[in-house]
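Worksheet: the structure to be examined is printed underneath.
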Amino acid sequence: RSRFARVGLGVHVTAGFIQPGSDNYPVLEMTNLGPVPLSIKPGVKVCQFIFQRCDGEAKHDGKFVNQIKP
């Protein structure tokens, strides 16, 4: 979201993929690159998700499979 980028909020974009079949809690990595403190309140839209159709079957068996707490 460009309004946050203008004040220095960086949202990590290179490792933020959620694999098909995942049932864990993804972490949104954010960094304040600006000169002043930022306050992000619950419900404020700081990023977007893009969903793509996946054909076939997949089973996620990574390190955080069946994670209970973030």
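Since the structure is predicted, the reported quantities are computational estimates derived from the model, not experimental observations.
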**Prompt:** Which is it for Leu9 and Val46 under the side chain to side chain contact (heavy atoms under 4.5 Å, CB included) test, yes or no, and what are the steps along the way?
**Reply:** CA-CA 9 Å; Leu9 180 65; Val46 296; 4.2 Å; yes
**Stepwise side chain to side chain contact (heavy atoms under 4.5 Å, CB included) check, Ile40 with Phe4** = CA-CA 10 Å; Ile40 306 295; Phe4 289 113; 4.1 Å; yes
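- Contact record, Lys45 with Arg3: O-NH2, 4.1 Å, taken as the closest heavy-atom pair.
- A continuous path of ILVMFWY side-chain contacts below 4.5 Å connects Met30 to Val44, so both sit in one hydrophobic cluster.
- No side-chain heavy atom of Val7 sits under 4.5 Å from any side-chain heavy atom of Val36.
- At a threshold of 4.5 Å between non-hydrogen side-chain atoms, the residues Glu29 and Val11 do not count as touching.
- The distance from atom CG of Asn32 to atom CG of Leu38, rounded to the nearest 0.5 Å, is 4.0 Å.
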